[in-house]
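First comes the structure, then the notes that go with it.
Counting convention: from 1, in listed order, for ligands and their atoms alike.
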Amino acid sequence: MAIGALGGTIASTSSAADGSEIVPTLTAERLAAAVPGLAEIATVRAQTLARLPSPSLDEPTVLRTLGWARAAVDAGAQGVVVTQGTDTLEESAYLLDLFWDRPEPLVVTGAMRSSQAAGADGPANLLTAVRCALAPVSRERGVLVAFDDELHQARWVAKTDSMSTGAFRSPVFGPIGRCVEAEVVYGVPATRVPPLRMSPGQETGDPRVPLVATYLGDDGSVLDAIRADGASRLDGVVIAGFGAGHVAARMAEAVGRTAAQVPVVFASRTGSGPTGRAMYGYPGSEVDLTARGAVGAGWLSPVKARLLLWALAARGPVTRDELVAAFGLRGRP
Ligand code: ASP
């Protein structure tokens, strides 16, 4: 069993008397050593991959973690656990899932309370993640997220609370499993969408794919400024739209101008539910945005849609057909 630590609250400590201003300091070995009973159920190889707050993680760091996880499995690990900060956990888990091409479980976890806090949840979450990664029933399920005794699929899980220890939910589809009394149980059979193939150079390629959230009165000027900024490369844009993926009429024109240059995907900013296909026909609706060249994200959240577009763009220019096919396959259960 391999545990790789990237930092986050689970690895954070405070040097202040009141326990405030925590920062990631703990190594993977220290995290593993703090879990009661871990040594009895697994022989752990722990490696500190980074000690970062998760807002400072990026795609290249996540892909390096992917390489480390693959090497661990190739060296004989039955499963792999990655610990990190919870703020971007839903994103790293999904990026790992897009490329995880092994039957062995890769499980991501973290904590909402630091290691020194009363009722620290890190040890319990790490133990759940290890149990999940060791269980044969977890194989062939892609990347999983273990949190608060629940097991979630990486592509649907989201951080939905800023402070609660039950911060992770999978809107609409729910968790797929639980860990109870040391037993890992799933309510659905093992299935997964086939992983993307990583092209040569992908580990160093880092396309620029911003996420633009729309808002009341959006006139499209922010999107136009991004599109027209000659100083920075642009490889694609994801729009977090209202409701089923809608924008204001003036923003729709900016979407059309952008989609004429680079792939544009629209997603729902609601946090739950899919983008529409044919329900509305007004300027800025899903039908209008599609006619202007944009593609709906389906059930993927804006941040996950952005990672899928990033992964596609990292292989080179993305055609509209490739975009439609990728979101058609990966944007639905
Ligand atoms: N609040 C965060 C966490 O839970 C901090 C981070 O994401 O690094 O770990």
Looking only at protein heavy atoms, which one is nearest to atom 4 (O) of ligand 1, and what is the separation?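 I find the closest protein heavy atom is T86 OG1, 2.4 Å.
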
Quick test: of every protein heavy atom, which one is nearest to atom 7 (O) of ligand 1, and how far off is it to 0.1 Å?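 Protein heavy atom with the smallest distance to atom 7 (O) of ligand 1: S54 OG, 2.5 Å.
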
Any chance the side chains of S92 and Q84 put a donor and an acceptor closer than 3.5 Å?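 Note: S92 and Q84 side chains meet the donor-acceptor criterion.
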
Heavy atoms only: which of D121, L89, D87 is nearest to atom 1 (N) of ligand 1?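 Closest candidate by heavy-atom distance is D87.
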
Return the option from T9, I10, L6 holding the heavy atom at the smallest distance from atom 9 (O) of ligand 1.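 Among T9, I10, L6, the closest heavy atom to atom 9 (O) of ligand 1 comes from T9.
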
Would you check, one step at a time, whether the test side-chain hydrogen bond (donor to acceptor under 3.5 Å, both in side chains) holds for D321 with T319? CA-CA 5 Å; D321 285 351; T319 66; 5.5 Å; no

Evaluate whether atom CZ of R320 has more than 12 neighbouring non-hydrogen atoms of other residues, nucleotides or ligands under 6.0 angstrom away.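 Yes.
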
Heavy atoms from other residues, nucleotides or ligands near CZ of R178 exceed 12 (cutoff 6.0 Å):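 Atom CZ in R178 is not crowded, with 12 or fewer foreign heavy atoms closer than 6.0 Å.
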
Heteroatom distance test (G8, ligand 1): nitrogen or oxygen, under 3.5 angstrom: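 No.
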
Look at the rings of W156 and F173 and say which category their plane angle falls in: under 30° parallel, 30 to 60° tilted, over 60° perpendicular.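 W156 vs F173 ring planes: tilted.
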
Structural part of P24 in contact with ligand 1, heavy atom criterion under 4.0 angstrom: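 P24 to ligand 1: no contact under 4.0 Å from either part.
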
